[in-house]
2 protein chains.
Amino acid sequence: MARILCERPNTHLRLTHVLNRNVARKKVDWLSPSVKWTENIDDVLSSEADIVVEVIGGMQPTEDWIRRALTSGKSVVTANKQLIARCGPELIGLACQMKQQIQFGASVAGGVPVISGLQDGLAGDELYEIRGILNGTCNYILSQIEANGVPFATALREAQKLGFAEADPTEDIEGFDARAKLAILARVGLHCNVKASSIAARSIGPIDAVDFEYANQLGCTIRQISWAQLKTGSKTTPENTSEKTPKGEKLFAAVQPALVDLSSPLARVEGSQNLVMAAGTYGGETVFGGHGAGGNPTAVAVVSDILAIARSKRPGTNYSAPQGERTPTVSSDFVTKHYLRFLVKDRPGIIASLATILSECGINIDAVVQKPDCPKSHLPFLITLEECKASLVERALERISSLDFLVQPCLHLPIL
Amino acid sequence: MARILCERPNTHLRLTHVLNRNVARKKVDWLSPSVKWTENIDDVLSSEADIVVEVIGGMQPTEDWIRRALTSGKSVVTANKQLIARCGPELIGLACQMKQQIQFGASVAGGVPVISGLQDGLAGDELYEIRGILNGTCNYILSQIEANGVPFATALREAQKLGFAEADPTEDIEGFDARAKLAILARVGLHCNVKASSIAARSIGPIDAVDFEYANQLGCTIRQISWAQLKTGSKTTPENTSEKTPKGEKLFAAVQPALVDLSSPLARVEGSQNLVMAAGTYGGETVFGGHGAGGNPTAVAVVSDILAIARSKRPGTNYSAPQGERTPTVSSDFVTKHYLRFLVKDRPGIIASLATILSECGINIDAVVQKPDCPKSHLPFLITLEECKASLVERALERISSLDFLVQPCLHLPIL
């Protein structure tokens, strides 16, 4: 986070303090000498800083410190999912009371801006369902069982060796980590005040390689799914009909391994990626996906929250880019691989003529492909090119366009 | 939009005027009688309304009206991509000067909150690339060519018949619609002030069924891709190396048909869905997807913008849900199909005993699957169940758990 604040030019944010244990050992040389390093929270709380960022984790002393920060007139940015899941509403209430803000975009799905997406971007909708993959460790382990046909215990051990799972993996495997995140999303997206502990969590431990074989036969795969569905008895009730909608509002919520259709975006989430699908009465289904863990993506979420607070403290600056506006030159001359599809009247020597021109233009052919059984008078065939500028290809195609065997101009597409 | 404002309870927004041609013919009976219907913009501009919503489209008279609204101290929400692509910076400047806001979330990708996602959610990152599918008409036509092997002209005619393409499809087919949107995203996400007309646009017209056959052979499909990539010569430059990075900043930008890998989220966008992938120096790749067109999704974007303005005008209310907070009862008793995987010591009558218990519990079996060549002493097999409550299945499994042929407890997963 400090690095992003340092590296991004023209930003109107200034880092004032770093609080850590063993400051002497942890101090870095690339931060401005004006930044104060301290082991004492009072140095931070008594300073003029406007915003306190908490990335310590755990319940104590963080909760106390955050309360004191808000009470002393500072806004707070936190990445602490357990704290927000447990005391979010109270802390938000305290912030409002103090005319400050508390932002927690990094507490769910790391760099994926799903909290602001649900809270602001989809504020105009009435969301009734959230489904997501919120724990990269489980996703990694399940992918490994699927890919290598290994037992759960082997996949877990492998994940621990590679640093994808912790020595004590209980929080992840049993779904406790994900249900804290789901409780936050249910609050932000479905406006449901639920305790994480009231959400059922089931372990991925019993999943075996044979389950992926069977899931595949059903056109599915298995993922740890965090799922919350609101039933209000009004029109927002989704389509399940085998049950009478109860009076009053009911939230179905669980974190559990589940079969998901291979065509669902949930089935394609890999490694530490996170994905959240939100369904709304008016806007239908919206998907947010990206890096759910890691220092840099989490830091992006923290800095985005800082910027949101800074913007709201200085109304009228809503649109000022931190870096200032660019007015670059614009070009469509991307460097990519290329797809050239010809339609020709077949005769000997066609490939030779095309290859000669391409080579004279300094372009390397990647492959030549021709599907069987095509009419000689309208023969479609394909040349793919190694990475080069589009303009280079266009120049070659200008020379090629005069060749007499072409039935129509060559179709030229980039390969992304 | 009016319907959302009516139907959502407890909202602090009040609809004051509806401006339209032929008000007498268009007036509806479900809006409050306090709403004034008018054909005269001056009625709106001279009113006490805080926010003017423009969903007329086109350049005139909309530009004049928006300028007058801002000048008379009202904020503006617009869905007008052409206007924002052409005059966005000026209108934003005017809004800042008047201490008002102009929001345009609905101008790109309908209900997908990509503008707020890039502008706020990823504000902490340094984005260098945006790739997206921003035009549902092109996506529909290309999918039809792919699925049915029909020529472009046939697919276009079919799309026109079904209302997915307009009588004059030029704006969509030639990429003009998408490049206006790309210009807006480049400004919001890459902080590049570019004219839409400076972005190259290539038609999807030359794409033929044979191109999908060849693309498939390469592990790809073909989509209309809106692509903008910023090269700054600094560390934010992505990995293309075959070109020397020019001095100064350069934006590569184009809207064109392109081959995309079948594993890319871009390859799986269907019908009128839109998808945007943003790549950042710190956070990596983030994906936003959902309904890119249609009245309801667009209305969600407009109402979200209205709420954002309302929030910023009343600081301290950032977190108040429009509907108020819910405290529902929480249950994990979802209604779904179910997956039951057994591990048994094989003997005659196993299926019969299981089927009897399930049927006595009122549960319908969907399928019984057994993979071949398994050891009789550790035989895994699968029963899937039709939709029912999870609790019903758990009750049946309690009875089943006492059966003596089970080698381990049955694994029970929901099928989403």
Side-chain angles (χ1 to χ4, degrees), chain A residues 92 96 99 111 113 116-117 120-121 123-125 191-194 198 200 206 210 214 240 242-243 249-254 258-260 282-284 286-287 289-291 296-297 300 303-304 307 316 319 321 325-332 334-335 339 341 380 382 387 411 413-416, chain B residues 92 96 99 111 113 116-117 120-121 123-125 191-194 198 200 206 210 214 240 242-243 249-254 257-260 282-284 286-287 289-291 296-297 300 303-304 307 316 319 321 325-332 334-335 339 380 382 387 411 413-416:
Chain A
I92 290 166
C96 285
K99 299 206 188 312
S116 65
D120 305 328
D125 206 344
H191 309 299
C192 285
N193 192 1
V194 287
S198 69
V210 69
Y214 280 131
N240 280 331
S242 43
E243 183 199 36
E249 294 185 316
K250 192 162 185 179
L251 183 77
F252 291 91
L259 273 76
V260 293
Y282 301 100
T286 304
V287 176
H291 289 282
N296 275 339
V300 165
V303 176
S304 298
L307 289 167
Y319 302 99
E325 184 121 294
R326 299 179 169 105
T327 47
T329 59
V330 182
S331 156
S332 63
F334 286 99
V335 174
Y339 168 101
R341 196 261 298 158
L382 169 65
E387 282 209 341
L411 175 68
L413 305 176
I415 303 178
L416 264 62
Chain B
I92 289 166
C96 285
K99 301 206 185 313
S116 64
D120 306 327
D125 206 346
H191 309 298
C192 284
N193 192 1
V194 286
S198 70
V210 69
Y214 280 132
N240 280 328
S242 42
E243 183 198 38
E249 295 184 314
K250 192 162 184 177
L251 183 77
F252 291 91
L259 273 74
V260 293
Y282 302 98
T286 305
V287 176
H291 289 283
N296 275 339
V300 166
V303 176
S304 298
L307 288 168
Y319 301 98
E325 183 122 296
R326 299 179 170 106
T327 48
T329 58
V330 183
S331 156
S332 64
F334 285 99
V335 174
Y339 169 101
L382 170 65
E387 281 206 345
L411 175 66
L413 305 176
I415 304 178
L416 267 60

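Chain A is the first sequence line, chain B the second, and so forth, proteins listed ahead of strands; every chain is numbered from 1.
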Of the backbone (N, CA, C, O) and the side chain (C-beta and beyond), which part of B:T286 lies under 4.5 Å from a heavy atom of chain A, both, or neither?
->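 For B:T286, the contact with chain A is made by backbone and side chain together.
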Inter-residue atom distance B:E249.CD - A:T327.OG1, 0.5 Å rounding =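 So the CD of B:E249 and the OG1 of A:T327 are separated by 8.0 Å.
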Could you look at A:L411 and say if it's the side chain, the backbone, both or neither that has a heavy atom under 4.5 Å from chain B?
->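 Side chain only.
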Measure A:Y339 against the heavy atoms of chain B and call it side chain, backbone, both or neither at under 4.5 Å.
->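 When you check distances to chain B, only side chain atoms of A:Y339 fall under 4.5 Å.
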Option that, when pairs with chain B are counted at under 4.5 Å, heavy atom only, ranks first among A:G121, A:S198, A:S304, A:S332 |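 Ranked by heavy-atom pairs under 4.5 Å with chain B, first place is A:S304.
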For the candidates A:G290, A:P297, A:G289, which exhibits the highest count of non-hydrogen atom pairs separated by less than 4.5 Å from chain B?
->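 The option with the most such pairs is A:G289.
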With B:D125 as reference, evaluate A:V303, A:V300, A:N296 under the side chain to side chain contact (heavy atoms under 4.5 Å, CB included) test and give the passing residue.
->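 For B:D125, the side chain to side chain contact (heavy atoms under 4.5 Å, CB included) check succeeds only for A:V300.
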Provide the closest heavy-atom pair for B:A123 versus A:L307 in the form atom of the first, atom of the second, distance.
->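 So the minimum-distance heavy-atom pair works out to O-CD1, 3.3 Å.
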Check for a donor-acceptor pair, side chain of B:T329 on one end and backbone N or O of A:K250 on the other, with a separation under 3.5 Å.
->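 Pair absent, no side-chain N/O of B:T329 close to backbone of A:K250.
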Below 4.5 Å, heavy atoms only, C-beta onward: do B:S116 and A:D120 meet side chain to side chain?
->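 In short, these two side chains do not touch, never coming nearer than 4.5 Å.
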